[in-house]
Amino acid sequence: MAKRLMKGNEAIGEAAIAAGAPNYFAYPITPQSEVAEYLCWRLPEVDGVFVQAESEVAVGNMLFGASASGKRVFTTSSSPGISLMQETISYMAGAHLPVVFVNIMRGGPGLGGILPAQSDYFQATKGGGHGDYRIIVLAPSSVQEAVDMMLWAFDLAEKYLTPVMLIGDGMIGQMMESVEFPDKYREENNPDEIEWALTGAKGRKARICKSLFLNPEQLEENSFLLAEKYKKIKKAERRCELYNVKDDNKIIITSYGTMARICQTAIDELEGEGVSVGLFRPITLFPYPEEELYAEGSKKNIKCVLSVEMSTGQMVEDVERIMKGKKKIDFFGRTGGVVPSPDEVKDKVRKILRIKK
Amino acid sequence: MAQQNEVVFAGFGGQGIMTAGQLLAYTAMEEGKHVCWIPSYGPEMRGGTANCTVVVSDKRIGSPIINHPYSACVFNRPSLEKFGGLIKKDGLLLINSSLIDVSSERDDLTEYLIPVNDIAVKVGNPKVANIIMLAAYIEMTGIIKFKSLKNMLTKKLGKKKDLLEINYSALEEGRKLAKKLVK
């Protein structure tokens, strides 16, 4: 299909339609309101469902209901809105229901600000709501990647019957880049063909879709079922991208989303100055590409693994855990909506290597 | 190293700043280049400043955030004050001299004064000031082909024949002036 120039938010909306998910419930919030703005006219064109709910909590419950009845559903929001949806995410994880959430992150905590941030890493990758569960977390670094990931997100959600979350920062939502969609859009689900969907039990045995288990043995069984699922996901679905990784790298930077692109520019410019730095960009944040990071980070030539984030230091805790003390770990971050420049990343690298400007 | 060009368009809300940037991005994309368009977004007020950055490159674009762009087209004084000092050494600065009566006072870059609002009024519609600036910028940098931009305008405005004519005139005026200035 021909290339189109689209804002990340609009492209995410179109990608969901391409994925055969014309069921959208949402509540507007900056910096992702353009998704709703786009879908409010686009969804009627494909006979889709658009409901602007009265709150994010209501959005969550609508998702639960529609997903349980076999519909392919999704929503988009930004940090404070995603916090309000955590109850549903936990319930849907417990009930083994597929759904895709998009979090176009802004600065927090609380109402925070409206500019780009990556401070919801813990919330997204460590469960977010209550209970023993995880969700799959994908982190695009360009508009095209956001589109490709939306298609993949629905596959993953249905393959593992789990909530999947795509996290982008405000920059991914707001910028326009060229993007291509698949030639053939997918068909919507047919709930009658889904073996667990609640479609009315006339003529068949009743199905149950719930997260409430008052019998402790049953709840334990469900929890271990979930744990098994996450093991499988960790084994099969890790993704990462390497950039400028070479034998003469002294530092390897780990960074995701927009921040990774800023690091990429810093790395190009440092290369011009004779300083060799590699980039390890996790594409899936859960499952984190742990083995891959350990393999790259523990190479002989690497002196330090540097985690660069738009937060005060969240992913770096995973990096420390994964590297098991094998190498020095360092961190650089800005937050609250401040997006670091390539120059700041370069300064940090020079400081670690004790190179004078 | 691959060629990359960055330009900031900045002015008041309503001067067609975002449109000028988007036209450039669309056209460069049609020419097969990598492009990225980023608006300033944040708590803004009516009548406040607006700006966008367009990156055009031969290869995959790294940082979408450009702290020191190669060039800028500034449409009002607050924008000159904000971006005048940020442009890279040996860069290019186009100033809307219809509304700005000072220069950047930098001697390490190329600066041109273009009265785009005055020219727009002459052409017949004050709203095409942005197109005049864009045409001048393209003529000076060769970042995209002039013909491609004209085709893009035709595509976008195809049904509005009267607007199309005025935009064509704006393109020609911008180009003519740029040729004269660069000489």
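First the proteins, then the strands, lettered A, B, ... as listed; each starts at 1. Not measured: the values here are computed from a predicted model.
Of the residues considered (G113(A), P340(A), P116(A)), P116(A) shows the highest number of contacts with chain B, using heavy-atom pairs under 4.5 Å. Per-residue counts of heavy-atom pairs under 4.5 Å with chain B were compared for S178(A), G337(A), S142(A); the largest is that of S178(A). With chain B as the partner, the residue from Q264(A), Q174(A), M175(A), M176(A) showing the most heavy-atom pairs under 4.5 Å is M176(A).
At least one side-chain heavy atom of P64(B) sits less than 4.5 Å from a side-chain heavy atom of T258(A). Looking only at side-chain heavy atoms (C-beta outward), E30(B) and L5(A) stay at 4.5 Å or farther from each other. I65(B) places none of its side-chain heavy atoms less than 4.5 Å from the side chain of P342(A). Residues E177(A) and W37(B) fail the side-chain proximity criterion, which asks for heavy atoms closer than 4.5 Å.
Using a cut-off of 4.0 Å between Lys/Arg side-chain N and Asp/Glu carboxylate O, E241(A) and R60(B) are scored as salt-bridged.
Atom CG of D248(A) has more than 12 heavy atoms from other residues, nucleotides or ligands within 6.0 Å. Within 6.0 Å of the NZ atom in K127(B), the count of heavy atoms belonging to other residues, nucleotides or ligands does not exceed 12. In the displayed structure, K155(B) atom NZ is contacted under 6.0 Å by at most 12 heavy atoms of other residues, nucleotides or ligands. By the 6.0 Å contact criterion, CZ on R334(A) is open, its count of non-hydrogen atoms from other residues, nucleotides or ligands being 12 or less. When the shell of 6.0 Å around CD of E45(A) is examined, it contains more than 12 heavy atoms from other residues, nucleotides or ligands.
Looking at H34(B), neither its backbone nor its side chain comes within 4.5 Å of chain A, counting heavy atoms on both sides. Looking at I61(B), the atoms closer than 4.5 Å to chain A (heavy atoms on both sides) sit in the backbone and in the side chain alike.
In this structure, Q4(B) CD and D268(A) CG are separated by 9.0 Å, a value rounded to the nearest 0.5 Å.
With hydrogens and angles ignored, the 3.5 Å screen pairs no side-chain donor or acceptor of S63(B) with any backbone N or O of I262(A).
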